[in-house]
K.L.:
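First the structure, which I've put down as structure tokens, then a few questions once you've had a look.
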Amino acid sequence: MHRPAASGTLVGVALVVGSCLSLPFGAAVAAQLFPVLGPWGVTSLRVAIAALLLVLVVRPRPRRWTRPQWVAAVLFGVSLAAMNGFFYAAIDRIPLGPAVAIEFLGPLVLAAVLTRRLADAAWVGVALLGMVVLGVDGLIGAEPLDPLGVVFILVAAGFWVMYIRMSARVGALIPGSGGLAMGLLVAAVLLIPVGIPAAATVAADPQLLLLAAITAVLSSVIPYSFELAALRRLPQRVFGVLLSLEPAFATLAGWLILGQDATPLRMLAVALVIAASVGTTLGVRRDRRDGPAGPFTAPIPLPD
């Protein structure tokens, strides 16, 4: 009787894992473009290319949208532009693994606010401990974290919370991927002022354009499509803690592509965040198998 719900949960978990795999490797590719285009230039190109691809594939029909749908899509676009811009500005100054770990404080706080069960709070605590370990590693390691980079990533964390909330809102109000396509288009328009110099540079170098396109697919098209679909299947609190897998994959991507060290403390942090993700996933599957969903097992819509 409860198999469809359980199946939906498994698909949702798989989608979040796919997003967590794609995003940091896209960020690692993007970091190689920073010396030429700058972090905000890369952000603009990445979002613009992703918006173009999705608009061509999805072909949204916003003329038929209601005012709440338009408001959700525009706010979604604002969150995308700011979250990505400040994230790239941060990883231009601090290593990828610690940056993603600090940024995760945003969805972690969201998960803590939305939870109403002791077990959920315990898993959030485990994930938070992993973030603390990564922070300690950044402070005592061979390369101390740049203070301005930390400020940038904390701003990105705040916009990540807005992204999760608005992504759930868009998923509930707008069928298919039309809301994502329009959200990316809004973000691309907002980033035009910082994107014009970068566009002029890549126009003269096809190799840079190819790297920007790869970044767009890995960092925007795949993960945002996956996350929008996942938020239709998972509670926001569970989605938030599952994203704690991302620092693990970010550390791996930084090590493989950028040559950043994976220290013992970072590996301990990875183990802690993976444990929190597994524990939360098993908890929500058990809830759906044992009985009706509770009041906080579905995304909470924002007011109009």
Side-chain angles (χ1 to χ4, degrees), residues 7-30 42-62 65 69 72-85 87-88 100 103 106-107 156 159-191 212-236 238-240 242-246 249-250 253 277 281 299:
S7 176
T9 298
L10 286 174
V11 171
V13 171
L15 288 167
V16 176
V17 171
S19 172
C20 289
L21 272 170
S22 185
L23 267 170
F25 282 92
V29 174
V42 175
T43 302
S44 178
L45 285 176
R46 164 195 153 183
V47 171
I49 293 171
L52 178 62
L53 291 174
L54 273 179
V55 168
L56 290 175
V57 172
V58 175
R59 297 180 182 274
R61 298 180 179 178
W65 287 1
Q69 288 175 316
V74 169
L75 291 178
F76 186 40
V78 171
S79 70
L80 284 169
M83 176 183 69
N84 287 302
F87 175 72
Y88 277 5
V100 174
E103 190 188 24
F159 280 105
W160 196 358
V161 172
M162 181 180 177
Y163 161 75
I164 294 173
R165 298 290 283 174
M166 297 317 304
S167 182
R169 180 69 167 163
V170 166
L173 288 178
I174 305 172
S177 300
L180 174 59
M182 290 304 297
L184 281 168
L185 188 59
V186 170
V189 171
L190 292 174
L191 291 168
I214 292 172
T215 301
V217 172
L218 290 177
S219 296
S220 294
V221 177
I222 292 176
Y224 295 153
S225 298
F226 281 11
E227 289 176 11
L228 188 65
L231 277 164
R232 291 186 172 122
R233 295 169 171 84
L234 296 173
Q236 285 183 46
V238 175
F239 176 83
L242 278 173
L243 287 178
S244 64
L245 287 170
E246 199 168 315
F249 293 121
S277 298
T281 303

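Below, each value reflects all heavy atoms present in this structure, side chains not excepted, and no hydrogens, waters or symmetry copies.
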K.L.:
Are any side-chain N or O atoms of Thr215 and backbone N or O atoms of Val29, one a donor and one an acceptor, separated by less than 3.5 Å?
P.N.:
no

K.L.:
Would Leu234 and Val16 satisfy side-chain contact (heavy atoms from CB on, under 4.5 Å), going step by step from the backbone distance to the final call?
P.N.:
CA-CA 10 Å; Leu234 296 173; Val16 176; 4.0 Å; yes

K.L.:
Is a side-chain N or O of Ser22 found less than 3.5 angstrom from the main chain of Leu218, in a donor-acceptor match?
P.N.:
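Confirmed, Ser22 side chain pairs with Leu218 backbone.
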
K.L.:
With rounding to the nearest 0.5 Å, note down the distance linking CG in Leu191 to CG in Leu45.
P.N.:
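So the CG of Leu191 and the CG of Leu45 are separated by 10.0 Å.
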
K.L.:
Using every non-hydrogen atom in the two residues, find where Val47 and Leu184 come nearest and quote the distance to one decimal.
P.N.:
CG1-O, 3.5 Å

K.L.:
If you look at every heavy atom in Leu80 and Asn84, which pair is closest and at what distance?
P.N.:
O-ND2, 2.7 Å

K.L.:
Applying side chain to side chain contact (heavy atoms under 4.5 Å, CB included), can you list everything that pairs with Ser167, at least two apart in sequence or on another chain?
P.N.:
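Result, side chain to side chain contact (heavy atoms under 4.5 Å, CB included) vs Ser167: Phe76, Tyr163, Leu228, Leu231.
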
K.L.:
Please name the pair of heavy atoms, one in Val58 and one in Ala181, separated by the smallest distance, quoted to 0.1 Å.
P.N.:
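In terms of heavy atoms, the two residues are closest at CB-CB, 4.5 Å.
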
K.L.:
What pair of heavy atoms forms the shortest contact from Pro223 to Ser19, and how long is it?
P.N.:
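Looking at all heavy atoms of both residues, the shortest contact is CB-OG, 3.3 Å.
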
K.L.:
To check you understand the geometry: which heavy-atom pair defines the closest contact between Ala73 and Ile174, and what is its length?
P.N.:
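Closest heavy-atom pair between Ala73 and Ile174: CB-CD1, 4.4 Å.
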
K.L.:
With no hydrogens and no angle check, is any side-chain donor or acceptor of Arg46 less than 3.5 Å from a backbone partner on Ser219?
P.N.:
yes

K.L.:
Would you compute the distance between atom CZ of Phe87 and atom CZ of Phe159 and round it to the nearest 0.5 angstrom?
P.N.:
15.5 Å

K.L.:
Would you call Met182 and Val170 a side-chain contact if the rule is heavy atoms closer than 4.5 Å?
P.N.:
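When only atoms from C-beta onward are counted, Val170 and Met182 do not touch, as no gap falls below 4.5 Å.
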
K.L.:
Write down the atom of Leu23, the atom of Glu227, and the distance for their closest heavy-atom approach.
P.N.:
CD1-OE2, 3.7 Å

K.L.:
Using atom types as modelled and distance alone, determine if a side-chain donor or acceptor of Ser225 lies under 3.5 Å from a backbone N or O of Val221.
P.N.:
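Yes; judged by distance alone, with no hydrogens or angles, the pair exists.
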
K.L.:
Using ring pair (Phe, Tyr, Trp, His ring centres under 6.0 Å) as the criterion, list what pairs up with Tyr88, not counting sequence neighbours.
P.N.:
Phe34

K.L.:
Evaluate the criterion side-chain contact (heavy atoms from CB on, under 4.5 Å) for residue pair Arg233 and Leu15; output intermediate values, then yes/no.
P.N.:
CA-CA 10 Å; Arg233 295 169 171 84; Leu15 288 167; 3.9 Å; yes

